[in-house]
Each structure stands twice: as structure tokens, then as C-alpha cells.
Amino acid sequence: MYDRVKRRVWDILEVRTGDKASRFVTIFIIVLIILNVAGAILASVQVLFDRYYTVFKYLEIISLILFSIEYALRVWSCTADKRYSGAARGRIRFALTPMALVDMFAVLPFYLLLFGRLDLRTIRTLRMLRFLRLLKGARYSKAVDRFSRAVEARKEELGISLVIVSILLVLASSAMYYLEQPVQPDKFSSIPQAMWWGICTITTIGYGDIYPITPAGKVLGGIVALLGIAMFALPAGILSSAFIAETKKEPARKAVCPHCGKILAQEDFHEPL
């Protein structure tokens, strides 16, 4: 009986079998995440915070209690999965997985504020961690699962793209430093400072706070801007092709009449987000 309950809890929270209980829990947690994050955003408006302080307070407390229970149930039931076998080691392995860490850090600030003596700056920093609850919603999206698999499948290509962009940044910033430092020693005082210009140019943001004024510097800036467009289009193309490939890997399903269970037509369609 104990093992069956544990398995059932694990299926509802982690496997998400698609039955009524699983769908209810999924929708409930997503709505709770949205309400909690919306409350944190609205509470930053002083007028709203003063007027609805009680609402914000109880929303935060109720959310933390429910998220804490959810996290505890996940850790408790994870041993139902053979990947996390072992009462202690299995739970530690699960607790160190990325999404389990997100779950933990989403509730940890409250307990640190409750039992710790912290200064105002630390308190504000910890409160920002509440927005990690947005990442909790990622575990309930099949699109996010596909994206994660796409990144994993193309991690080598993405790593090479990152290395190429880094090399371009170093070369462009170093060249711009030697071209512009004699005429703009305050803005291009060092190569690290020139890297800020390089980042803004490669990403085509162009804040305009630092820019070349020499003819050679302007030519180099134009070349770097054009190369930056190509460099950032490369990983975007890699990810999009990998995402499409992961979507096509999903098994086809059949359209079934919800009343009689008869197959109406055979067609391929994917799970909803």
C-alpha cells in the first residue's frame, strides 16, 4: 500500500500520466505560479502594496506552504523511480537535479528570511529569487521538454558557435582598443572596457554610449556588426532545426471518439503544450 501511494504521487507530480488527477494538479500548480509571480510584480507598486498588503501577504504564505508540500512530496516519492533508488542516495540525486534545485530555491528565501538575521540588501536579493517560480512552470510544458532535448542533442554545435562568438568578441575588442584608445582614452581605456562595445555591437543592440570615431574604427565596427548578425543567426538555425526534429520524433496518435472509443480516423498530431 505504501509503495503504491508513493508510485501514484510520483506519477501525478513527475510523470504526469494525463489522467484527471494529474491534469488537475498540473493546472492548479501553473495557476498558482502565475498568481504568485503576478502578486510579486504588483506588490512592487507601492500604492497597490499599501492597499492590498493583506492579500499579498496571505497569497505569499499560502503559495509557500503549497510549494513546500509539493517539493517534499517530490523528494519523498522520487524513490519510486529506479533512477533514484535508495532511500538516502536516491533522494539526494533527485534533489540535485536542475528542476528540483529550482523547486528548492523557489521556497528557500522564505525560510532564510524567517529564521535568519539578514540585512536589507540581502533580503531584497533573496526576494528576487521568488521569480524562480516561473521556471517551475517549465516542467509542465511539453514544448519546454522538446526545447531541452533539442539543446541536449545539439550541445556540441552550440558550444562551437559560442566559442566562435567569443573569439570574434576578443579580436574585435582588442583591435578597437588599439584603434580608438589614442583618441578616446576615457571610453576605450582597456580591452575589457572595449568588450562592452564589442558585446553591444555583436548583438546589434547599439546603446550608443561607446562608439568609434576614427575612420578605421568605423570600418571595423561595421564589419563586426555584420559578422554579429551571422554569428547569432547560426545558433538560432541550429536550435530551430533541432526543435523541429524533436517534434517529429513524437509518436503519432489516433483520433478516438470520446463516447464509444471507436477510431474515427488515423492522423498524426502532437501533444498540446
Side-chain angles (χ1 to χ4, degrees), residues 37 40-41 44 97-99 101-102 105-106 121 124-139 141-250 270 273:
V37 173
I41 293 172
S44 65
T97 57
M99 291 310 301
L101 290 174
V102 169
F105 284 115
R121 181 177 298 180
R124 288 177 177 175
T125 302
L126 289 174
R127 283 177 176 171
M128 290 179 60
L129 294 178
R130 292 181 297 176
F131 291 98
L132 284 175
R133 292 166 195 169
L134 281 172
L135 297 179
K136 285 173 61 64
R139 68 162 74 239
S141 173
K142 293 187 178 297
V144 175
D145 291 338
R146 297 186 199 114
F147 183 78
S148 300
R149 294 196 301 269
V151 172
E152 179 65 23
R154 297 291 189 271
K155 60 183 179 181
E156 293 184 1
E157 293 90 337
L158 292 172
I160 293 174
S161 301
L162 180 61
V163 170
I164 294 174
V165 172
S166 300
I167 293 174
L168 175 61
L169 174 63
V170 172
L171 293 178
S173 302
S174 301
M176 188 61 71
Y177 164 74
Y178 288 111
L179 290 174
E180 294 293 324
Q181 196 274 338
V183 295
Q184 297 189 83
D186 55 332
K187 294 184 177 180
F188 292 89
S189 60
S190 64
I191 293 178
Q193 186 170 354
M195 285 184 177
W196 170 246
W197 165 86
I199 293 172
C200 293
T201 304
I202 291 175
T203 57
T204 67
I205 294 175
Y207 284 120
D209 55 339
I210 301 177
Y211 54 89
I213 59 175
T214 63
K218 291 179 179 180
V219 171
L220 176 62
I223 294 173
V224 172
L226 293 175
L227 290 176
I229 296 174
M231 289 299 99
F232 275 88
L234 181 61
I238 294 173
L239 281 176
S240 61
S241 62
F243 186 84
I244 293 173
E246 290 296 329
T247 302
K248 290 181 178 179
K249 287 181 182 178
E250 295 187 359
H270 303 289
L273 298 182

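We count residues from 1, following the sequence as given.
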Task: Partners passing side chain to side chain donor-acceptor pair (under 3.5 Å) against S173 (at least two apart in sequence or in another chain) - done: none
Open item on the list: Quick one: does any side-chain atom of S44 pair with a main-chain N or O of I41 as donor and acceptor, under 3.5 Å?
Closed with: yes
Please tabulate, for the side chains in residues 213-231, all donor-acceptor contacts under 3.5 angstrom to protein atoms that are two or more places apart in sequence or on a different chain.
residue: T214; atom: OG1; partner: E180; partner atom: OE2; Å: 2.4
residue: T214; atom: OG1; partner: G217; partner atom: N; Å: 3.1

- [ ] Taking Q181 for its side chain and S190 for its backbone only, find out whether a donor-acceptor pair lies under 3.5 Å.
- [x] no
- [ ] Identify the heavy atoms of P212 and W197 that sit nearest to each other, and give their distance.
- [x] CD-NE1, 3.7 Å
Task: Heavy-atom pair with the smallest gap, counting every atom of G237 and S240 - done: O-OG, 2.9 Å
Task: Closest non-hydrogen atom pair between K187 and Q193, with its separation - done: O-NE2, 3.2 Å
Open item on the list: Holding to ring-ring contact (aromatic ring centres under 6.0 Å, His included), I want the full list of residues that pass it with Y178, two or more places apart in sequence or in another chain.
Closed with: none
Acceptor/donor pairs from residues 154-162 side chains to any protein atom, 3.5 angstrom cut, sequence neighbours excluded:
residue: K155; atom: NZ; partner: E152; partner atom: OE2; Å: 3.0
residue: S161; atom: OG; partner: E157; partner atom: O; Å: 3.0

- [ ] Determine, stepwise, if the pair M176 / I191 fulfils side chain to side chain contact (heavy atoms under 4.5 Å, CB included).
- [x] CA-CA 8 Å; M176 188 61 71; I191 293 178; over 6 Å; no
TODO: Go through the structure and list residues passing side chain to side chain donor-acceptor pair (under 3.5 Å) with S174, not counting sequence neighbours.
DONE: none
Open item on the list: Using 0.5 Å steps for rounding, measure from the OH atom of Y177 to the CE atom of M195.
Closed with: 12.5 Å
TODO: Sequence neighbours left out, what pairs pass ring-ring contact (aromatic ring centres under 6.0 Å, His included) with at least one residue falling in residues 199-229?
DONE: W196-Y207
